[in-house]
Each structure stands twice: as structure tokens, then as C-alpha cells.
A.B. asks: 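What follows is a single structure, and I will ask about it in a moment.
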Amino acid sequence: MKNKILITSALPYANGPIHLGHLAGCYLPGDIYYRYQKLRKRDAIHICGTDENGIPITIEAEKLGKSPQELVDNYHEKIRKSFEAFGIVHDNFSRTSTPLHHKNARDFFTRIYEKKYIVNKTIKQYFCPRCNRFLADRYIEGTCPYCDSKEARGDQCESCGRWLDPENLVSPGCKICGGTPVLKETKHWYFRLDVMQPQLEKWLLKKDNWKNNVKKFCKGWFKEGLEPRAITRDLTWGIPVPLKEAKGKVLYVWFDAPIGYISSTMEWAQRIGKPDRWKDYWLDSETRLIHFIGKDNIVFHAMVWPAMLMAHGDFVLPSEIPANEFLNIKGGKFSTSRRKAIWLQDTLELFDPDLMRYALAVNLPENKDTEFDWNDFQSKVNNELANILGNFINRTVSFIKSNYSSRVPLCKALSNEDNKMLHFLDETKKSMEEKIEKFELKKGIKTLMDLAKAANRYFDKEKPWETKRNAPEKCANTINTCIQVTDALASLMEPYLPFTSKKILKILNIEKNEWNRVGIPRIPGNKEIGKVEILFRKVENEIITLQKEKIGEEEKKMADRISIDEFKKVELKVAVVESAEKIENAQKLTKIIVDIGGEKRQIVAGIAENYSPEELVGKKIIVIANLAPAKIRGVDSNGMLLAATKDNKLTLLTIDKDIDSGAKVS
RNA sequence: GGCGGCGUAGCUCAGUUGGCUAGAGCAGCGGAAUCAUAAUCCGCGUGCCAGGGGUUCAAAUCCCUUCGCCGCCA
């Protein structure tokens, strides 16, 4: 076993808060693994930070009317805090907007550029003149050339599922502003993945202990043959490409993000006052570099990133990539951008972190996607944590309190049954070690629960409430054994349930044990225990019902909300009414001719019951100038006027101070 | 469209170098017990292992195919 372990968790993207899917995917597994390694006294560090570059950040910021910097500052802080409250321990939690990281990313690029692993190419790409930016394929929308659906994206048609090239779209439009994009030449820099393929393949071949999902995925890529991959973007937000001829270009977010692992480690070293300490990990080929990620990141961590590291040459390569599948929400996927999620910060307001840590840990998507369901959460907390684990500990300490004046009874000689119990405890510890080392974390927590179940069985079988009366020595042995098991449970659960672990130690009135001594009874007879405390309160039905209702509400709000750009599509102008007449045979309709800054328009409006033609002439009103023309009762209408209505009242929108007709309203 | 994955008990999930009557937890039913958070303990499962076909003495597990869901892709 190599000594040094560098653990990373995928850098969370700073365009939204953390949700349960993120936690189950990598942050909780990373934390469990790290806590375990620390308990084993291994030289391990856990490194993370927010990923703050890239196009989606700029778009999300625009939507909210904020600058990208404000957006990432906000989410960086939120994410950091909620991780802390959830008990995710990082040695360093950095961000990819630090000067140190910018420098590292530039240096990394320069190094592999000089080693000729980067080439440039000029391509044609859609550019939106109105937004003044190049559009990624998925931000282009148009009519599908195959099925005529109007909602095809530049990369794929949502309707028929065909993959498209943006150039093939009929009447392409910018998804952000609705403008018409034009094809424009642009130059980009490409990382020669094709050159790296042979050594990458050779390296991956040796990783036969890796998870299947990772290996199979890479195999597929190799089969198709790797191609140079663009690592620059036309964007102002991000890390500028360190080349004179690359003005206005930044590094692709996926290029700089993993370098963030290195930057964050450097930052940690500086923070602890040993600025060279990061080298002990990154520059030592004996270090085990372990990346906890979700399956969406496999291609970058198992192929692009190792290839980058190989090209660079100085750093250690990943030794393990325990990639989880996805945790889905009942009835669909989590989505940060669409705000369909169960947010960590919300659950922290309602529940002790360990409740969620447990519910997620026993249902980690290690082999396949799994589902989170609030009813399931409730039953896991109530039936498993509270009834099995919590109750065993409670019945043990309560027994000591009421029968032995809160002093642990002396154990004289262990019976066969007692020894069996302690032996099972030993087995549990070994088994947990094996499972965690193999990244089978779900099995690890289940093994722990098996110990609690065995302990309950033992308690029932030994009947201390009876032996107390007719065989007091036996009773003392039983309870003494139970308290040793309780103590061991506290230590063994620490990677999974750190908060509860602490609570139990407090009840036992004892310091944390050394992992390698766990299993050896250490609570002395006659020791006074602390105040008895309920470890897990039951989760009530009401609160679960509320949580279930909450899912989807936020999503709906987001869907109904429009962006400023959508509003900008509506062209509102001031118009003056030049003439008006009632339309015959139509009770409500009036035909008016308006002047919009010199342009005459005929508009049909349903205002005849509220305004007479005479009243209307000369009024300055607000009209929608870019509404598609329509025929109403056979009369052409080219625009629409604005009026407020409630019940049967109707009043026209007009202007507060005089302004020329044709003036824009916004 | 190409590549890959998944589909096991009412629910959440284990289970593939092919091999004992296919498992666990929860829910459900019956019982025991009363130290304990009405907690615990014992007993109870005829599931077309998505459908179909094939290889094999033997398939949830390997191969082919259909359907459904998901991920990745200049």
C-alpha cells in the first residue's frame, strides 16, 4: 500500500447550489474515503474547489442580471458553507478564479504548447452579432432538416433525435437572444489527443482493477480513434490563452478545471506554511491520485486529463477513478440549470446531516443509477438509524443508567456468547476496511448496520433484564459487552456518520479511539457515563409530505420566468391615434390608424365598449410594433395596443409626459 | 445515427471468472418479549431475474434480437 493518497472530488460548477445528486455522485464518497484513510493514519489529503469558468456561468449571470464574478462569488461561498455544514472535510477548498490558478493553467498550456502537443486550426462557427459572441452548438436553434421540427438544437434535434451539424439547420437562430447568427471564421487551438492515444491506451490497459463503467467507456473512445480536441473558446470570461495571436480567446473550461486540483493543492501548501508540500504529492510517482467523480466526467478524468498530464510530464497520473453513476430524483433527473433538485442547503435546515449522509450512503449509485425518494428517506431514518442503531445504543446506556447508577458494570469472565459478539465486531471492522479500500462504500455502511442488528439480537438473547435479577454477574458481562460494542460502533461509523459518532463518544464520556485499537474493549468497569441522549429523532410524515410537494415547484417557477432577452424580443413603441372607427357587426372591436414615428399602421383592438372613436383620436398609446400581422373579423391588424383590464374595466396605457410617437418603450 | 450501460419481489437495491431450492432491507402477515425512541427478536417470499431466440449437463449471469429507460459522441 502506497503511503501518500491525494484525493480529489470533482470541482463543483459555480452556476448553482449543491444538490443531492452531486453529493451521492462524488462528494460524500470522497469524504467517506478520506475520513477513513485519515483514521487509518494514512498520509491523505482531500482537495476540491469551485469551477468558475465557462460559458454556462456567463449565461446564468446574464439571466440574473449579474456579472459572472458576482455569480461565482455567491455560489463559491454557498457551496463552501453547505459542504462544511454537511461534514464534508477538505484540506483545501479553492476556486479556479484565483491568480495562482490562472498562472498554473497558463503555464500548463505553455508547457505542452512548447512540447508541440497543441496545434491551431481555423474553422467556421456561428456567431451572433446581437449577442456579440460565438455560439456553442447547443445555443443555436432552428428547423430540423430531417423532421421539420422547429425546436432542433445545433447539436441534436430534440424531436427526432438525429445528430446535426449547426450549418445544416434551416433558419438558425440564437437561442439566447433570438437573433440570426452568421458563419464566421475563428481560430482555435487543439490538444493532440490523437498523438497521445498509444501511451494512453497502454497506461489504461494496466488499470484492470478500475470500475467497469470507466474502462468500457474509454475502450469505446479508443476504438473510434481519438482526435485533436479544441481547448480554447471565443469568450471574455475565463483564463486568457497565453499566446500573442490569441486575443479574445480563453482556455476551454475543461482544460483548466482539472489543473485546479494542482492549484488547490498548492494553495493548501502555502496556507499551512509549507509552500513546497504540494510537491510531495504531485511530483511523487508513489502517490496514489484518486479522483472521485460522477459518470459525466469520465471522459475528462480518464482520458483527456491523463493525456494532459502525460504531455506535461512532471505530474503523477491518476491511480484510481471511482466514478459513480447518477442519483436521480423520483421521476427524473436532477438539473441545476432548470432548478429541478433537492438542494443540500434546504435539507440542512431540516435534518441533522447524518440522516442524509446515511440515506445517501446506503443508496449510492455505485453500479447503476439509483433513485432518491422522500418516503424511502423517512423509512431509512426511522427504521434503520433510529430503531436499529439508535435504539441499541439507547437501550444499552439506559440500562446502565437505571440499573447501575450510570456506571459501567464490571466484566468478570466472558461467556461464549459474549466472545461471539466481540468476534463479530472484529469481523465487521475487517470487512468494513476491505469494502472501503475497494470503494464499495455502500457495502461498508451496510456491514456496519449488520453489526447493530447483531448487537440487538445479542441483547435480546442474553435478556439482561432477567439476568439482572437471577444472574447478576452474567448481566454485568452482557451490558459491559454491549457498551464495548457501542464504543466500537462510534468509531466505525465515523467516516459515514461523523456527527453521530461524536454524540456517542460524548454519551460514553470518552475520547475518540485509535482505529487500530477498535475492537479491543477499552471502557473500564465502573466508568461513569454521560447524559443519555436520543441519537435520532423520528422524521414525521408532515415534513416528508412538504418536501415531496416542494420538488418541482421551483422548476415550475423557473420555467414560467422569462429572461431579459426574451422580454427584449417584444418591441414596444409609443404611437399616436390618427383616426378610429367601430367595426360593424362586432360589438367590441375598433379599427384605429396609428402613427408610429412616421409609419402608419392599422390596428384592430377590443376596446369599443370602453372608448368611443372620438375619445381615441389624438391619444398617445403604447403598441407592440413587431407582432405578427393578423386578420380579425376580416380586417387587417398590424400590431397590438396595450391596455389594463380587470373585471369589466379597461384602460389604455398611455404616457406620463409627452414624447414623440415612435419612442421605444423598455 | 454510432458507441456504451441499465431493465431482478409492492418499494429501494445486492447478486456476472455460468453451478447449491435467486438474495437483503423496508412495507405486509403471524408469534415472542417488555431493558429500550410502541423500539427489539423469531417465523412467513409460486419473483415468466423486461420479451423472444441461441450456446451449455447447467444462464439473472455468455451470444443474437425486440422493447423501454439512461449516458457519451467532430
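If you're wondering where the values come from, they're calculated on a predicted model, not measured in any experiment. A, B, ... follow the sequence lines: proteins, then strands. Residue 1 opens every chain.
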A.B. asks: Taking atom C1' in both B/rC44 and B/rC6, what distance in whole Å separates the two?
C.D. replies: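 About 32 Å, rounded to a whole number of Å.
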
A.B. asks: Under a 3.5 Å limit for both distances, which nucleotide forms a Watson-Crick or G-U wobble pair with B/rU17, could you say?
C.D. replies: none

A.B. asks: Answer with yes or no whether the side chains of A/Glu437 and A/Tyr36 bring together a donor and an acceptor at under 3.5 Å.
C.D. replies: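 Distance-only check passes for A/Tyr36 and A/Glu437.
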
A.B. asks: Here's one to test your reading of the geometry: is the NZ or CZ of A/Arg233 within 45 degrees of the ring axis of A/Tyr252 and under 6.0 Å from its centre?
C.D. replies: yes

A.B. asks: Can you tell me, in whole Å, how much space there is between the P of B/rG2 and that of B/rC20?
C.D. replies: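 Those two atoms are separated by 38 Å.
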
A.B. asks: Round to a whole Å and report the spacing from CD of A/Gln378 to P of B/rA27.
C.D. replies: 11 Å

A.B. asks: What is the distance from CD of A/Glu227 to P of B/rG2, rounded to the nearest Å?
C.D. replies: 18 Å

A.B. asks: If you apply the rule side-chain contact (heavy atoms from CB on, under 4.5 Å), what do you find for A/Ile436 with A/Tyr33, and how did you get there?
C.D. replies: CA-CA 7 Å; A/Ile436 298 175; A/Tyr33 189 78; 4.0 Å; yes

A.B. asks: Is a donor from one side chain sitting under 3.5 angstrom from an acceptor on the other, for A/Asp450 and A/Thr447?
C.D. replies: no

A.B. asks: Tell me the interatomic distance from A/Glu384, atom CD, to B/rA24, atom C1', rounded to whole angstroms.
C.D. replies: 10 Å

A.B. asks: Provide, to the nearest angstrom, the distance between the CE atom belonging to A/Met449 and the C1' atom belonging to B/rC13.
C.D. replies: 15 Å

A.B. asks: Which is it for A/Arg407 and A/Glu528 under the salt bridge (Lys or Arg N to Asp or Glu O under 4.0 Å) test, yes or no, and what are the steps along the way?
C.D. replies: CA-CA 4 Å; A/Arg407 287 184 181 275; A/Glu528 185 165 15; 3.5 Å; yes

A.B. asks: Taking salt bridge (Lys or Arg N to Asp or Glu O under 4.0 Å) as the definition, give me every residue that meets it alongside A/Lys435, ordered by chain and number, with sequence neighbours left out.
C.D. replies: none

A.B. asks: Return the nucleotide paired to B/rU37: Watson-Crick means purine N1 to pyrimidine N3 with N6-O4 or O6-N4, wobble means G-U with N1-O2 and O6-N3, both under 3.5 Å.
C.D. replies: none

A.B. asks: B/rG25 pairs with which nucleotide, Watson-Crick or G-U wobble, both distances below 3.5 Å?
C.D. replies: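 With both distances under 3.5 Å, B/rG25 matches B/rC11.
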
A.B. asks: Let me know, please, whether A/Arg229 or A/Pro365 comes out on the 5' side of the other along RNA chain B by nearest nucleotide.
C.D. replies: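 Of the two residues, A/Pro365 wins.
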
A.B. asks: Who is the Watson-Crick or G-U wobble partner of B/rG47, with both distances under 3.5 Å?
C.D. replies: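 Result: none.
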
A.B. asks: Say we look at B/rG43 and B/rA38: how far apart would their P atoms be, to the nearest angstrom?
C.D. replies: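 Between the two P atoms, the distance is 24 Å.
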
A.B. asks: What residues form a ring pair (Phe, Tyr, Trp, His ring centres under 6.0 Å) with A/Trp210, not counting sequence neighbours?
C.D. replies: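 Testing A/Trp210 for ring pair (Phe, Tyr, Trp, His ring centres under 6.0 Å), a comparison that skips the adjacent residues, returns A/Trp203.
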
A.B. asks: Can you tell me, in whole Å, how much space there is between the C1' of B/rC62 and that of B/rG19?
C.D. replies: 14 Å

A.B. asks: Just how far, in rounded Å, is P of B/rC13 from OH of A/Tyr358?
C.D. replies: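 Atom OH in A/Tyr358 sits about 14 Å away from atom P in B/rC13.
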
A.B. asks: For a quick check of understanding: with a heavy-atom distance under 4.0 Å over all strands, which category does A/Lys446 fall into, base, sugar-phosphate or nothing?
C.D. replies: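 Sugar-phosphate contact only.
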
A.B. asks: Are A/Val485 and A/Tyr458 close enough that some pair of their side-chain heavy atoms sits under 4.5 Å apart?
C.D. replies: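 No - every pair of side-chain heavy atoms lies 4.5 Å or more apart.
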
A.B. asks: Compile the donor-acceptor pairs under 3.5 Å between side chains in residues 291-309 of chain A and protein atoms, sequence neighbours left out, one pair per line.
C.D. replies:
from     : atom 1 : to       : atom 2 : distance (Å)
A/His291 : ND1    : A/Thr8   : OG1    : 2.6
A/His291 : NE2    : A/Trp305 : NE1    : 3.0
A/Lys295 : NZ     : A/Glu325 : OE1    : 3.1
A/Lys295 : NZ     : A/Asp369 : OD1    : 2.9
A/His301 : ND1    : A/Asn297 : O      : 3.2
A/His301 : NE2    : A/Tyr261 : OH     : 2.7

A.B. asks: Say we look at B/rC29 and B/rA22: how far apart would their P atoms be, to the nearest angstrom?
C.D. replies: 27 Å

A.B. asks: CG of A/Asn375 versus P of B/rG28: gap in Å, rounded?
C.D. replies: 13 Å

A.B. asks: Can you tell me, in whole Å, how much space there is between the C1' of B/rA60 and that of B/rA9?
C.D. replies: 14 Å

A.B. asks: Out of the candidates A/Thr481, A/Asp487, A/Asn480, only one should pair with A/Gln484 under the side chain to side chain donor-acceptor pair (under 3.5 Å) rule; please name it.
C.D. replies: A/Asn480

A.B. asks: P atom, B/rG15 versus B/rC3: distance in rounded Å?
C.D. replies: 27 Å

A.B. asks: Which base, if any, makes a Watson-Crick or G-U wobble pair with B/rG30, both distances under 3.5 Å?
C.D. replies: B/rC42

A.B. asks: Which atoms of nucleotides 4-7 of chain B (N or O only) lie under 3.5 Å from a protein N or O atom, and what are those distances?
C.D. replies:
from  : atom 1 : to       : atom 2 : distance (Å)
B/rG5 : OP1    : A/Lys216 : NZ     : 3.2

A.B. asks: Assign A/Lys380 to base, sugar-phosphate, or nothing according to its heavy-atom contacts below 4.0 angstrom with the strands shown.
C.D. replies: sugar-phosphate

A.B. asks: How far does the C1' atom of B/rA14 sit from the matching atom of B/rU40, given to the nearest Å?
C.D. replies: 25 Å

A.B. asks: Once each nucleotide of nucleotides 33-42 of chain B is scored for protein heavy atoms under 4.0 Å, what B/S/- sequence comes out, 5' to 3'?
C.D. replies: SSBBB-SBSS

A.B. asks: Verify the contact: side-chain N or O of A/Lys442 to OP1 or OP2 of B/rA14, cut-off strictly under 4.0 Å; return yes or no.
C.D. replies: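 The answer is yes; a side-chain N or O of A/Lys442 sits under 4.0 Å from OP1 or OP2.
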
A.B. asks: In whole Å, I'd like the distance from the CG atom of A/Asp296 to the P atom of B/rC72.
C.D. replies: 7 Å

A.B. asks: Round to the nearest Å and state the distance from A/Asn297 atom CG to B/rC72 atom P.
C.D. replies: 10 Å

A.B. asks: Please name the nucleotide paired to B/rG68 by Watson-Crick or G-U wobble geometry with both distances under 3.5 Å, or report none.
C.D. replies: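 By the stated definition (distances under 3.5 Å), B/rC6 pairs with B/rG68.
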
A.B. asks: Not counting sequence neighbours, list each pair that qualifies as a ring pair (Phe, Tyr, Trp, His ring centres under 6.0 Å) and has a residue in residues 402-427 of chain A.
C.D. replies: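 Residue pairs with at least one partner in residues 402-427 of chain A: there are none.
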
